[in-house]
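Report on one structure; see the data block that follows.
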Amino acid sequence: MIVSSLPRLRIRTPDGIVFAFTLAGLPARFLAWFIDLAVIMLIMIIVNMVLGLLVLLSSDLANALMILSFFFISIGYGICMEWGCAGQTFGKRLMKIRVMDAQGLNLHFSQVVIRNLLRPVDQLPFCYFVGALMTLLTRHCQRLGDLAANTVVVCLPTLQEPDLAQVTSGKYNSFRDFPHLAARLRQKTSPAEADTALQAVLRRGSLAETDRVRLFGELADHFRQHVEFPPEVTEGLSDEQYIRNIVDLLYRDRTPNGAGE
């Protein structure tokens, strides 16, 4: 269930927990697109220099390949970047925004493909006029590609160092014995995911026992897909303790050892 009032998107879990995301505005999205356009044009210059060699064989063939390459690069750039970089392109990364599923679920490859295939429609008649108009008129600031793919573009939250005493209770975090896995976890975890885990830990006392167990079970399953720690350190560890360890790794200074469950 989604409850939203611009410029924020609020996603309510089945356990009654509400997570809020700030929707990216039109200026940020336009600047991100302008940066991405510059990157695409740079790629095209390099490709055209290579294809220019084909003019010696056939100018018609060279021109046809240049036209096709522009289409595939302009669409493929967005697909490859958004899928491979957690919903971000170079422009989105610089503007601190990202694409995410409108229900708060994992972003699927099909969603990335759909929203990028519809870019030419959103760009009509020029400079993303249709897309900009839809962004202003729709409830969740979605262009046509977002509506079709059920995605939204959100601002990345500014992460602040939390009071980890509430999270770790001064206990040893065995996950810190595996710095390479901790680094991989930080690389694969988006700021929104980190904030979701942190808020769950900080608000765990307000949850009913059944809701608390279910929520931490879902979060633990989600983060296990990012990084799998050795069985000897996870055996006998509850899902809640697992998430507390994860939060400790994501937020505490990256020292070899630290406090945690």
Side-chain angles (χ1 to χ4, degrees), residues 2 7-11 13 19-25 28-40 43 73-119 135 140-143 145-160 175 179-200 218-229 242-243 246-251 254:
I2 295 181
R8 295 179 71 81
L9 172 71
R10 292 179 173 84
I11 299 177
T13 70
F19 298 104
F21 301 90
T22 301
L23 294 162
R29 295 183 66 166
F30 179 81
L31 289 174
W33 167 74
F34 187 80
I35 294 170
D36 288 330
L37 180 61
V39 173
I40 291 172
I43 296 173
I73 290 173
S74 61
I75 299 298
Y77 166 81
I79 294 175
C80 292
M81 289 297 299
E82 289 180 359
W83 177 244
C85 299
Q88 288 187 301
T89 58
F90 285 116
K92 290 183 177 68
R93 184 179 294 273
L94 289 176
M95 297 309 300
K96 300 184 183 302
I97 60 178
R98 66 182 287 262
V99 180
M100 63 175 283
D101 178 84
Q103 304 293 332
L105 304 174
N106 291 331
L107 192 64
H108 293 289
F109 181 69
S110 59
Q111 292 175 289
V112 175
V113 172
I114 291 172
R115 75 183 308 274
N116 280 282
L117 285 178
L118 286 177
R119 283 189 184 278
T135 299
H140 298 141
C141 301
Q142 295 166 294
R143 61 178 178 83
D146 289 317
L147 290 172
N150 194 35
T151 57
V152 292
V153 180
V154 299
C155 298
L156 295 179
T158 300
L159 300 180
Q160 298 179 346
F175 288 6
H180 64 293
L181 295 179
R184 188 184 306 168
L185 174 71
R186 296 187 189 101
Q187 181 182 28
K188 292 188 174 183
T189 302
S190 70
E193 290 173 318
D195 186 62
T196 296
L198 173 64
Q199 293 304 319
E218 293 176 355
L219 287 174
D221 289 341
H222 176 78
F223 280 98
R224 287 188 186 105
Q225 295 177 13
H226 285 346
V227 174
E228 186 174 353
F229 286 89
Y242 183 93
I243 293 302
I246 293 296
V247 170
D248 176 62
L249 290 181
L250 293 174
Y251 284 91
R254 301 181 183 184

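For the single chain, residues carry numbers from 1 onward in sequence order. Predicted model only: the values in this text are computed from it and were never measured.
Remark: R143 pairs with D122 by the salt bridge (charged side-chain N to carboxylate O under 4.0 Å, His left out) rule, at least two apart or across chains. Contacts of R29 classified as salt bridge (charged side-chain N to carboxylate O under 4.0 Å, His left out), with partners at least two apart in sequence or in another chain: D146. Listed by chain and residue number, D221, D239 satisfy the salt bridge (charged side-chain N to carboxylate O under 4.0 Å, His left out) test with R224 (two or more places apart in sequence, or in another chain). The side chain to side chain donor-acceptor pair (under 3.5 Å) test applied to H226 returns E193, not counting sequence neighbours.
Taking every heavy atom of both residues into account, L219 and A200 meet most closely at CD1-CB, 3.5 Å. Scanning all heavy atoms of the two residues, the minimum distance from H108 to W83 falls at C-CZ3, 3.6 Å.
Applying the salt bridge (Lys or Arg N to Asp or Glu O under 4.0 Å) rule to pairs touching residues 75-88 yields E82-K92, E82-R115, E82-R119, sequence neighbours excluded.
Remark: side-chain polar atoms of Q88 are paired, donor with acceptor, to backbone N or O of I97 under 3.5 angstrom. The closest donor-acceptor contact from the side chain of Q111 to the backbone of A149 lies under 3.5 Å.
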Just distance, no hydrogens or angles: give the donor-acceptor pairs under 3.5 Å from side chains in residues 30-40, sequence neighbours left out.
{"from": "D36", "atom 1": "OD1", "to": "Y77", "atom 2": "OH", "distance (Å)": "2.6"}
{"from": "D36", "atom 1": "OD1", "to": "T89", "atom 2": "OG1", "distance (Å)": "3.2"}
{"from": "D36", "atom 1": "OD1", "to": "G91", "atom 2": "N", "distance (Å)": "2.7"}
{"from": "D36", "atom 1": "OD2", "to": "T89", "atom 2": "OG1", "distance (Å)": "2.6"}

Derivation and outcome, side-chain contact (heavy atoms from CB on, under 4.5 Å), residues R186 and L250: CA-CA 6 Å; R186 296 187 189 101; L250 293 174; 4.2 Å; yes
Q142/T151 under side-chain contact (heavy atoms from CB on, under 4.5 Å): CA gap, chis, key distance, verdict: CA-CA 8 Å; Q142 295 166 294; T151 57; 5.7 Å; no
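Aromatic ring orientation, F175 versus F229: parallel (interplanar angle below 30°, classes split at 30° and 60°).
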